Amino acid sequence: MTETPVSTAPSVCAPLPEPCGRVYRRDGRTVVALRDEIDIATAALIGPALDGATSQDTPQLVVDLTEVSFLDCSGLNLLCRARRRALDRDGRFWLVCDCPRILRLLRAGRLHDLFRPVATPDEAFRRAAAPDDAPRAAESAAATGSRPGTEHGPAHPPSALSRAPRPAGRGSGELSPVRPRTRRT
């Protein structure tokens, strides 16, 4: 397990400004370890480093969010773009994240099943050594609009709230009877 700073590694990665994190190579993979907050202001600084890490043929990219305390939609956009670029070039992408707040955001955006984050960089490298059938299956399911587990029924049963009958009236989609207006004299 050797770490090589990106400046001496045979790579075309753009440097990442120090406050945002660092880029290095480990076991033939590029690791972009981000830190602090990823918002619209820092996304412009991080984007070129992720683009550089995914610009070569068959990029092997690990994005490490273990030191990230905040992620907004600009950060989600960066992650989606980096993943798409890696897979479009027949590469692989792994996401490392253990922050409950960020994991909740991934679930809310329905990206958790797509990214399949792991808790530690070592776990990402163990997963990297495994065959890549599972990421491709998740990618094809996302491309067709299906969800994993839907061939045998929904992955999550509908909640009781979604099955409850809705009353007629405002917001129900049904028309309520209209009463003629009467004039008061």
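What you are looking at is a predicted structure, and each value in this text was computed from that prediction instead of being measured. All heavy atoms count here, side chains included; hydrogens, waters and symmetry mates do not.
With Pro117 as reference, Leu103 is the one residue of Asp98, Val96, Leu103 to meet the side-chain contact (heavy atoms from CB on, under 4.5 Å) rule. Among Leu34, Leu105, Leu78, the single residue meeting the side-chain contact (heavy atoms from CB on, under 4.5 Å) criterion with Leu71 is Leu105.
In this structure, Arg22 satisfies the cation-pi test against Tyr24, with its NZ or CZ atom closer than 6.0 Å to the six-membered ring centre and inside 45 degrees of the ring normal. Judged by a 6.0 Å distance limit and a 45° cone about the ring axis, Arg29 is not positioned over the six-membered ring of Phe125.
Within the 4.5 Å cutoff, no side-chain heavy atoms of Val118 are placed close to those of Trp94. Residues Thr30 and Pro59 have side chains not in contact (no heavy-atom distance under 4.5 Å, counting atoms from C-beta outward). Asp39 is not listed as a side-chain neighbour of Ser74, based on a closest heavy-atom distance of 4.5 Å or more. Residues Val32 and Leu61 meet the side-chain proximity criterion, which asks for heavy atoms closer than 4.5 Å. At a threshold of 4.5 Å between non-hydrogen side-chain atoms, the residues Arg89 and Asp57 do not count as touching.
More than 12 heavy atoms of other residues, nucleotides or ligands lie within 6.0 Å of CG in Leu45, so this atom counts as buried by the packing criterion.
Note that CZ of Arg35 is 10.0 Å distant from OG1 of Thr66, once rounded to the nearest 0.5 Å. Between the CZ atom of Phe115 and the CG atom of Leu76 there is a distance of 7.0 Å, given to the nearest 0.5 Å. Separating the CZ atom in Arg116 from the CG atom in Leu114 is a distance of 9.5 Å, to the nearest 0.5 Å. The structure places CG of Leu65 at 5.0 Å from CG of Leu95, a figure rounded to the nearest 0.5 Å. Of the inter-residue distances, the one linking Asp36 atom CG with Ser69 atom OG reads 6.0 Å to the nearest 0.5 angstrom. Rounded to the nearest 0.5 Å, atoms CD (Gln60) and CG (Asp27) are 11.5 Å apart.
For the residue pair Ala82 and Phe93, the shortest heavy atom distance occurs at CB-CE1, 4.0 Å. Between Ile38 and Gly75, the shortest heavy-atom distance links the atoms CG2-CA, 3.6 Å. What you find for Ala49 and Val23 is that their closest heavy atoms are CB-CG2, 4.3 Å.
In this structure, the side chain of Arg85 engages the main chain of Asp51 through a donor-acceptor pair within 3.5 Å.
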Stepwise side chain to side chain contact (heavy atoms under 4.5 Å, CB included) check, Val68 with Cys99: CA-CA 8 Å; Val68 173; Cys99 176; over 6 Å; no
